[in-house]
Amino acid sequence: MTQENTAAIEPSWLTSLNPEQYEAVKTTDGALLVLSGAGTGKTSVLVARMAYILSSELARPWNCMAVTFTNRAAKEMGERLEAMIGSAADDVWFGTFHKICVKILRRHAGLLGFESNFTIIDTDDQLRLIKRIMIEEGLDAKEHPAQGAHSIIERWKDKGLAPDKVSFSQVSEYAAGKTLTIYKKYQDRLRSINAMDFGDLLLHCLTLFTKNQEVLAKYQNQFRYILVDEYQDTNVSQYLWLRLLAGKHKNICCVGDDDQSIYSWRGAEIENILRFEKDFAGAKTIRLERNYRSTGHILGAASGLISHNNERLGKTLRVASADVGDGEPVQVRGLYDAKEEARTVINEIENLYRTGSSLSQIAILVRAGFQMREFEEKLVSESVSYRVIGGPRFYERMEIRDAMAYLRLVVQSSDDLAFERIINKPKRGLGDATVSKVRELAGKLGFSMLMAAERIVETDELKPKPRNTLRGFVEDFSRWKAYLDDIPSSELVAMVLEESGYLDMWRKDKAPDAAGRVENLKELVSSIEEKFESLPEFLEHVSLVMENDESPDGDKITLMTLHAAKGLEFDAVFLTGWEEGLIPHNKAVEENGTKAIEEERRLAHVGITRARKRVFISFAANRCIFGNWQNSLPSRFVEELPSEHININSASGLYGSSTTEKSGTWSWSGGGKWKNTKTQQNKKDIWKIKTSKGEIPTGSRIFHQKFGYGKVMEADGDKLEIAFEKAGRKKIKASFVEKV
DNA sequence: CGTATATATCTTTTT
DNA sequence: GATATATACG
């Protein structure tokens, strides 16, 4: 077969690739690392590679696996592949690590001592359980917060360490050295309630493979080609899992960028990607460095910054096409405080908008969530429409989690966590005393709490009042269970929420957000109606797909954290709060030293490389954090930007910054310094007066953090009745709203 | 058992 | 400054 022949029949998705991309697609045998810098067409390569493998019949669809970190990425890949090769794409194993593990675990749950309908619990439940165990171990919850033990256990799980694998040297001093005991008990308890946490999904899968050779062999034979996205974000567990699965055919292709590794605090090990060539014998590395996204100045600034890192494989982004040019230098601006930063950024955005930019192509990126408030306030007062990515998520809301607990208990009586969560919601008069007695009996009999409750109501253990209430509670559940296979799940859910009194609890609640919660519960019911056949299927979806895929409706600015921005791109990007202590973040540096600085630098690098045409970097001399004012210096990353790619544009004047090209050091002019405590105090007082003073007469237009704009209809002291434009009429304290 | 006040805590958060 | 928990009281 000659080159000409092949070329002649090659489809456009192959011929449109550049030489490196093409090579990455065609190198199908053995281990391959595709080091793909930001904006170098990584997804196209992944999809083209899969399409190539399938269309040249190297393997059947079910012999291929493509594993990602987000459902969004998996979905995009699947859709693009289907567009290329049609319905054959349906049988490829697409999904997140967790999703694929669940698929495997459900088939073999028995081998691990679980039932195949195990529940997947989230952080909230994990903490409850760990806390409970710590109390049983006689540890004071105040002295040893459950979070501490939780994060140690999580890290063990990330490293692929089951309790019996944790070596003595890894046992920390935390919780009086009892963390390993806690870990063991925690795992036992999870098994007894037939539940797994996120870490377990990988950990148990690993155990399954190592203890059952025939199961491992089955999957090793099945997966002839394995594709991994965002390899720099894998943890040890995931790495071991991949190695096992690729053990037979050894065709594993990992795509990633060491310069975009920003999740070490979640257990990701950048070493995995740095070590790739040693881990997989005969591995090949292909670098994608042609950037199709940004201008020369933006790439120059990003490259210059990231070159300060030592722990990296090294690659240099360059503009893919000569037509792009250098564009505008990166704008750097020092401001007085966060208010002025917000004002300046939004002014700049208004300029862009006037010169024809679309708002949807503009993003404001922050390091930490608290920075968002300032921008939101300003955006609202200027009536610029915006959306926040990564805000509070639908399934994490209290009312949704409560509703889910009801459903979990209907599906699985053994779910004690769900039982404890809703036993007294709404208030039934079943408090700690009753719950303890049920829990005690459950422990004694080895029953679930719901089963123990069924028993205890037949005894005189409880006083008549709680006994009867509990009997009603138990009967409710057996009634709902009986309906499980008979009526559509959305109807059952509606029935449970209604009959349990949970919905009524919120309907009667006078709190301003109660109405919204009722709405959310209704939305929950209708989303089940639309999308899901069975209740268990729905429960699994919720635990695995925590994201809310907001449709990008309307022309809006995007506001989000740097972490949330990874993988996205915009024409113009505003990188805010570039101050020492914020980026690099103090807390990160305290915990992890130099390693953290490098990760923070990568975070900054991710931020810059989101932009196609324009980057604005800003920093403020003064910032109010947790209620007190702090003054700070510009981030070291500002100084690390190569001067030929940036343009320092600080307002010359009282509060601006000045820089000397020669020395390259920054200093604040007099007015920017706030060393004097008296001045700080004054500043605070002024702020207080401003917020408490505002008298709001009826008829005025106001703004509320949660409900948006509204009109004051009636005033009763500090309580206002407000007709919101979107959220309806609500009674709100005057201090919660702002006059506009 | 439920409610009202006090106090600690506050980085990021793909699943 | 705002929020979620822990304690004291009714």
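Order of the sequence lines fixes the chain letters, A, B, ..., with proteins taken first and strands second; residue numbering starts at 1 for each chain.
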Next on the checklist: Would you say A:N424 places a side-chain N or O within less than 4.0 Å of OP1 or OP2 belonging to B:dG2?
Outcome noted: yes

Next on the checklist: I want to check one thing: is the phosphate of B:dC1, taken as OP1 and OP2, less than 4.0 Å away from some side-chain N or O of A:K463?
Outcome noted: no

With [X] via side-chain contact (heavy atoms from CB on, under 4.5 Å) - residues at least two apart:
{"X": "A:R80", "value": "A:T43, A:S44, A:V47, A:E76"}
{"X": "A:N235", "value": "A:D158, A:S237, A:Q238"}
{"X": "A:D257", "value": "A:D259, A:Q260, A:K315"}

Next on the checklist: For A:G431 and A:D233, find the nucleotide of DNA chain B closest to each by heavy atoms; which residue's nucleotide sits nearer the 5' end?
Outcome noted: A:G431

Rounded to whole angstrom units, what separation is found between the [atom1] atom of [X] and the [atom2] atom of [N]?
{"X": "A:I423", "N": "B:dC1", "atom1": "CD1", "atom2": "P", "answer": "11 Å"}
{"X": "A:E376", "N": "C:dA2", "atom1": "CD", "atom2": "C1'", "answer": "15 Å"}
{"X": "A:L470", "N": "B:dC1", "atom1": "CG", "atom2": "C1'", "answer": "15 Å"}
{"X": "A:L201", "N": "B:dT14", "atom1": "CG", "atom2": "P", "answer": "16 Å"}
{"X": "A:R373", "N": "B:dC10", "atom1": "CZ", "atom2": "P", "answer": "19 Å"}
{"X": "A:D124", "N": "B:dT15", "atom1": "CG", "atom2": "C1'", "answer": "16 Å"}
{"X": "A:R428", "N": "B:dG2", "atom1": "CZ", "atom2": "P", "answer": "11 Å"}
{"X": "A:I135", "N": "C:dA6", "atom1": "CD1", "atom2": "C1'", "answer": "12 Å"}

List the atom pairs, with distances to 0.1 Å, where a side-chain N or O of residues 431-440 of chain A and a protein N or O form a donor-acceptor pair under 3.5 Å, not counting sequence neighbours.
unit_1 : atom_1 : unit_2 : atom_2 : d
A:S436 : OG     : A:D432 : O      : 2.9
A:R439 : NE     : A:E420 : OE2    : 3.4
A:R439 : NH2    : A:E420 : OE1    : 3.1

Give me the distances for all protein-to-nucleotides 11-13 of chain B N/O pairs that come in under 3.5 Å?
unit_1 : atom_1 : unit_2 : atom_2 : d
B:dT11 : OP1    : A:K587 : NZ     : 3.2
B:dT11 : O4'    : A:H585 : NE2    : 3.2
B:dT12 : OP1    : A:G369 : N      : 2.6
B:dT12 : O4'    : A:R367 : NH2    : 3.3
B:dT12 : O2     : A:W265 : NE1    : 3.2
B:dT12 : O2     : A:R367 : NH2    : 2.6
B:dT13 : OP1    : A:T561 : OG1    : 2.4
B:dT13 : O2     : A:R266 : NE     : 3.1

Select base, sugar-phosphate, or nothing to describe what [X] touches, counting heavy atoms under 4.0 Å on all strands.
{"X": "A:A433", "answer": "sugar-phosphate"}
{"X": "A:T234", "answer": "nothing"}
{"X": "A:K427", "answer": "sugar-phosphate"}

Next on the checklist: Could you work out, with salt bridge (Lys or Arg N to Asp or Glu O under 4.0 Å) as the rule, every residue matching A:R467, not counting sequence neighbours?
Outcome noted: none

Next on the checklist: Just to verify, what does A:D504 make a salt bridge (Lys or Arg N to Asp or Glu O under 4.0 Å) with, not counting sequence neighbours?
Outcome noted: A:R507

Item to check | Nearest-neighbour nucleotide for the A:H98 side chain, C:dA6, B:dC1, B:dT15 considered | outcome: B:dT15

Item to check | Lys/Arg-Asp/Glu bridge criterion (N-O < 4.0 Å) met for A:D233, A:K566 | outcome: yes

Next on the checklist: Check A:D337 with A:R623, please: is the shortest side-chain N to carboxylate O separation under 4.0 Å?
Outcome noted: no

Can you pull every protein N or O that's under 3.5 Å from an N or O on nucleotides 8-10 of chain C?
none

Checklist entry - Do A:V589 and A:I597 have side chains that get closer than 4.5 Å, going by heavy atoms? => result yes

Checklist entry - Taking only residues two or more places apart in sequence or in another chain, which ones pass side chain to side chain donor-acceptor pair (under 3.5 Å) with A:Y186? => result A:D197

